[in-house]
Amino acid sequence: MADLRENIARVLLTEEEIQSKVAEMAAQISEDYRDKQLLLVGILKGSMVFMADLMRRLSINAKIDFMSVSSYGSSTVSSGQVRIILDLKRPIENYDLLLVEDILDSGATLSYLKELLTARQPKSIRIATLLDKPDRRNPEHNLTVDYHCFKIPDEFVVGYGLDFAEKYRNLPDIGVLDSRVYGAAHE
Ligand code: IMP
Ligand code: MG
């Protein structure tokens, strides 16, 4: 089996940096949702590591659920097409939703999901993302990010849940993938 770090050009965010920012975000969310009915909705699979750390740092009660949508195949460029693979199990009218995502790129995935879930009339709906790549945002999506841990440059990153072709999710830190791995596909 190939070494996990073989195609990692450099570490962008260390475990310590990630943990410290996740703790800060959890403290803010705990304050903001003290009198609310918080339902964390993790977007699979990329958000799972972030979700696991974030929820364990909250000092308030929270329920969790997951959705799965298709975005990228093994390419690094979003198709813009979003398909629901797994939906929520319960109605959400009585909940304050916080969508938990690994990375916000064009914004296509989250703007689609936010619209879909808003139609189900939750009490409120906000977005918490670990990473934000503002340079890649498609302004048409007009998306507000309520909580983010890091703004990062336009580079393809993996680890801490984020993948390239389903690999590298188990890296404990976040690294920049060597561009030779995906060639010119990432515009
Ligand atoms: P968007 O719909 O264009 O905002 O894309 C969001 C999704 O693209 C994320 O949930 C990731 O699965 C994927 N993605 C975008 N940029 C990266 C990256 O740098 N590394 C890994 N996945 C990424
Ligand atoms: Mg992905």
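All figures in this text were calculated on a predicted structure; none of them were measured in a lab. Both counts, for ligands and for their atoms, begin at 1 and track the order of listing.
With respect to Glu6 and Lys167, no salt bridge is recorded, no charged nitrogen being found less than 4.0 Å from a carboxylate O. Between Arg34 and Glu31 there is no salt bridge, since no side-chain nitrogen of the basic residue lies less than 4.0 Å from a carboxylate oxygen of the acidic one.
Formation of a donor-acceptor pair under 3.5 Å by the Asp65 side chain with backbone atoms of Lys89 is found in this model. Between the Asp173 side chain and the Glu15 main chain, no donor and acceptor come within less than 3.5 Å of each other. Distance alone, capped at 3.5 Å, places no donor-acceptor pair between the Ser47 side chain and the Phe50 backbone. Side-chain atoms of Ser30 come within 3.5 Å of backbone N or O of Ser59 as a donor-acceptor pair.
Taking every heavy atom of Glu101 and a limit of under 4.0 angstrom, the matching atoms of ligand 1 come to 10 (O). For ligand 1 and Gly107, the ligand atoms under 4.0 Å from any heavy atom of the residue are 1 (P), 3 (O), 4 (O). Within the listing of ligand 1, atoms 6 (C), 9 (C), 10 (O), 11 (C), 14 (N), 15 (C), 16 (N), 17 (C), 18 (C), 19 (O), 23 (C) sit less than 4.0 angstrom from a heavy atom of Ile103. Less than 4.0 angstrom separates some heavy atom of Glu155 from each of these atoms of ligand 1: 19 (O). Here is the list of ligand 1 atoms found below 4.0 Å of a heavy atom in Lys133: 16 (N), 17 (C), 18 (C), 19 (O). The distance from ligand 1 to the heavy atoms of Ala108 drops below 4.0 Å at these ligand atoms: 1 (P), 2 (O), 4 (O).
Residue-level proximity to ligand 1 for Asp102 is carried by the side chain, the only part with a heavy atom below 4.0 angstrom. At a 4.0 Å heavy-atom cut-off, ligand 1 touches Leu162 through the side chain alone.
Summarising the contacts of atom 20 (N) of ligand 1 with Ile174, Val158, Leu143, Val157, the nearest heavy atom is found in Val157. Selection from Asp163, Thr109, Leu44 by nearest heavy atom to atom 2 (O) of ligand 1 gives Thr109.
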**Message:** As a quick check of understanding, evaluate side-chain contact (heavy atoms from CB on, under 4.5 Å) for Leu113 and Val41, giving each step before the final call.
**Reply:** CA-CA 11 Å; Leu113 280 177; Val41 175; over 6 Å; no
